[in-house]
Amino acid sequence: MDVKKIVAQMTLEEKASLCSGEDFWHTKAVERLGVPASMVSDGPHGLRKQDDKVDHLGVNDSIKAVCFPAGCATAASFDRALVQKLGEALGDECQHEGVSVVLGPAVNIKRSPLCGRNFEYFSEDPYLAGEMACAHIHGVQSRNVGTSIKHFACNSQEHRRMSSSSQADERTLREIYFPAFEAAVKREQPWTVMCSYNRLNGTYASENQWLLTDVLRDEWGFQGYVVSDWGAVSDRVAGIRAGLDLEMPGSMGINDKKIVQAVKDGKLDEKLVDRACERILNIVYRFVENRKPETPWDKEAQHALAADIAGDCMVLLKNEGDLLPLDKDADVAFIGEFALSPRFQGGGSSHINSFKITSALEAAKDAGLRVTYEPGYSVKDDEATDEMIEKAVAAAKGAKAAVVFAGLPDSYESEGYDRAHMRMPDCQNRVIEAVAKANPNTVVVLHNGSPVEMPWIGKVRAVLETYLGGQAVGLAEVRVLFGDVNPSGHLAETFPLKLQDNPSYLYYLGEGNVTEYREGVFVGYRYYDKKDMDVLFPFGHGLSYTTFAYENLRLDLGKTLLENGDTVKVTVTVKNTGKRFGKAAAQLYVGALNADPIRPVRELKGFEKVALNPGESREVSFTLDKRAFAMWNSEIHDWYVPQGQYAIEVGDSSRHLPLRTEITLGDARELPRHYDMNSIFMDLMADPKARALLKPLMEESSRKFSGDQAEGETEAAKEAVSEAMGEAMMRYMPLRALISFGADEGTASKLEEIIRQLNGMS
């Protein structure tokens, strides 16, 4: 379709109208020219399509659909293929229902465990978040349905989310908060990008030209349209200039009129309005021209798929004495309301109206397992009465093992507000403590969207983290608990011992409408590992019913000075050393060993999910490009690999890396240098050119200074300024110090000439 021709036929009013929604979920049609409306819909882990009485947050029902595991769970799979399958299923749903763009995935970094939308987000790590996003987008868009990667950028809290300014320096943005978006745009070209509510360094994302045009389009090459988060527009005319194409939902025509008036007043170039319309219509017609309404939607088959995905996302955090898997012939007590009515998704705009829900209790009974049940606590009342606890204890005493299904109720975490703390409900903690005292074989199964404190961790033998596992979570839980599925999930975020340990603790939420990202690049495990802090469970952690060995680390490196396009190939062997089939998540980390500049101890730069039978080995390869070793240099506004040694480590968590080697690398480019009279000798001597130019002058000054001081120097003077102290003082002296110590009349002019030469001015 020739969209330029269509736009050229539109009136200014029609073009302005096209730049905002008709309602909550539809773009506007231009009937005169045959331009159709197009429907978009939430959410990242299921279709939340509303046809009538539409609203944003789900007060009104959406169609019956399939709720897959949320992002907090799928990221824990460390499995690109699995996430792609989820995306394909979601794309099929959209084709069946005529939805052109699904709003997701959500890739904002988990800066704090308190963020109310952490259940939607993938990880505290930008590389993992980017890989999951690429797999999700690839799956959905393989069905000719668009995605809307969100929320660009730095939407890391719900508190004051529509007014707060996220204040982050350039390096922090580039290394932590941008990479997931960048990877997705460059590799998968999502059809749309959704800008966030918040300001970024003082400017609303919806009118931030540096963000939406300079970085997103000019640098990364984004080709689709930018849509606002719902209600995120402040100044619509500024948004058009900045690169915000579509405002959602509509503003009852108010902002459309502002666009028209701005053009008529000469304050807005009409070509920018044309540009927005063309971008929107390109996506509208991409879906129309690839529409397949006959695409089947087998909800039962997708329910089964949801169970399979959930099983591979669950993380076995603890399994003392190999209590799990449980014996299928044993009497087992299921305790906790979540065993009967599981919490499997978060609240807010991504809430799915599930056509079917399978609880663990239902799945256990369907499998013929010998399971008894006691609620233990009430989610609605957020309490556990003495009678409820007594019954739970009695059930636990009468069973070989007790499984407590616990976690966070809907009211504890949701879109729209942040968590107040990291604790689970007190009533649930009391039930766990009582059951564990009654039965030493106690297992805790957790349902939560982000980390929780576990005051009872030393009193239970096993903990299974299921996150928010979708509508088939109960079926997946029973499969894992009783050994039909070997758990292979690994944490995509660190579980700290307590909230106060989190690096953003002092600054999270901010003051008024300003939130400072003072922890910089030290988010999550980057902080905990740098400080060598104890954590409850480290990033990447996950146990299995089998064991794995990592062996034979090898590097293929042809050079030490890296240019764009250069790669380092890393190969390891992973072996299943146990007696069960299992899946390993091999993780590769890179760390700069240089003390300057300040960098994390290690950063995830590769991972592979490997399925192995008992005794089976497989060679796994990782390809590291120049970017894997680079940091963002704010002086040149580009990625740069500082010269020095780098560690490459491989294992199954950030704290368990049995394989390690070191290499020496550096950027082939030379950083530009600028010197003046205040440049210190330590920096000057590190530059060969500066060292050569300064050597004669320094020798001359040293001879003069030494000669003046040697005569009459006492032993006390020698002790006061030792040779080592003198050398240290010299390292930190500025260049101008040569004028004061041992200079002659020509020293100043000589230094000025040297500075001119070093700065390329002579």
Side-chain angles (χ1 to χ4, degrees), residues 73 76 310-311 313-340 342-344 359-365 367 369-377 384 389 391-408 424-425 428-448 452-467 469 473-489 491 495 536-537 541-546 580:
C313 295
M314 293 179 182
V315 185
L316 184 59
L317 296 177
K318 180 178 180 179
N319 193 21
E320 190 177 287
D322 293 331
L323 174 60
L324 296 179
L326 299 172
D327 185 349
K328 290 183 179 180
D329 295 324
D331 292 321
V332 177
F334 277 12
I335 296 165
E337 195 172 303
F338 285 158
L340 177 64
R343 179 166 182 258
F344 58 89
S359 70
L361 188 59
E362 178 187 351
K365 289 182 176 179
L369 300 171
R370 297 163 59 178
V371 169
T372 58
Y373 170 70
E374 284 294 336
Y377 57 84
I389 293 178
K391 289 183 177 180
V393 167
K397 286 181 177 178
K400 183 175 181 181
V403 182
V404 182
F405 293 78
L408 299 178
M424 285 171 50
Q428 294 188 29
N429 285 331
R430 290 205 318 275
V431 171
I432 293 170
E433 296 264 3
V435 169
K437 187 175 181 180
N439 190 326
N441 296 327
T442 294
V443 180
V444 175
V445 176
L446 292 172
H447 308 72
N448 47 292
V452 294
E453 295 173 4
M454 303 182 196
W456 34 259
I457 188 64
K459 300 174 183 178
V460 301
R461 286 184 57 188
V463 180
L464 180 66
E465 174 61 80
T466 72
Y467 280 110
V473 64
L475 178 56
E477 286 169 344
V478 168
R479 288 175 177 173
V480 171
L481 289 170
F482 290 90
D484 291 331
V485 171
N486 190 346
S488 60
L491 292 179
F495 275 47
L536 187 59
F537 296 107
H541 171 74
L543 304 177
S544 171
Y545 296 154
T546 188
R580 287 176 176 263

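Since the structure is predicted, the reported quantities are computational estimates derived from the model, not experimental observations.
The side-chain heavy atoms of Pro342 and Phe405, taken from C-beta on, include no pair separated by under 4.5 Å. Contact of the Phe495 side chain with the Val315 side chain is not registered, since no non-hydrogen atoms from C-beta on lie closer than 4.5 Å. Within the 4.5 Å cutoff, the side chain of Gln428 has heavy atoms near those of the Phe338 side chain. At a threshold of 4.5 Å between non-hydrogen side-chain atoms, the residues Val403 and Leu326 count as touching. A heavy-atom distance below 4.5 Å is found between the side chains of Trp456 and Val463.
Listed for the Asn448 side chain is no donor-acceptor partner under 3.5 Å among the backbone atoms of Gly407. For the pair Asp331 (side chain) and Gly398 (backbone), a donor-acceptor distance under 3.5 Å is absent. Arg461 places no side-chain N or O within 3.5 Å of a backbone atom of Asn441 that could act as its donor or acceptor partner. Put simply, the side chain of Lys391 never gets that close to the backbone of Glu374: no donor and acceptor are under 3.5 Å apart. Although no hydrogens or angles enter the test, the distance criterion places no donor-acceptor pair under 3.5 Å between the side chain of Lys400 and the main chain of Asp329.
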Anything under 3.5 Å between a donor and an acceptor, one on a side chain of residues 474-483, the other on a protein residue two or more places apart or in another chain? List them.
{"residue": "Glu477", "atom": "OE2", "partner": "His447", "partner atom": "NE2", "Å": "2.7"}
{"residue": "Arg479", "atom": "NH1", "partner": "Asp308", "partner atom": "OD1", "Å": "3.0"}

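Qualifying salt bridge (charged side-chain N to carboxylate O under 4.0 Å, His left out) partners for Glu433, counting only residues two or more places apart in sequence or in other chains: Lys459.
To the nearest 0.5 Å, atom CG of residue Leu446 and atom CG of residue Leu317 are 7.0 Å apart.
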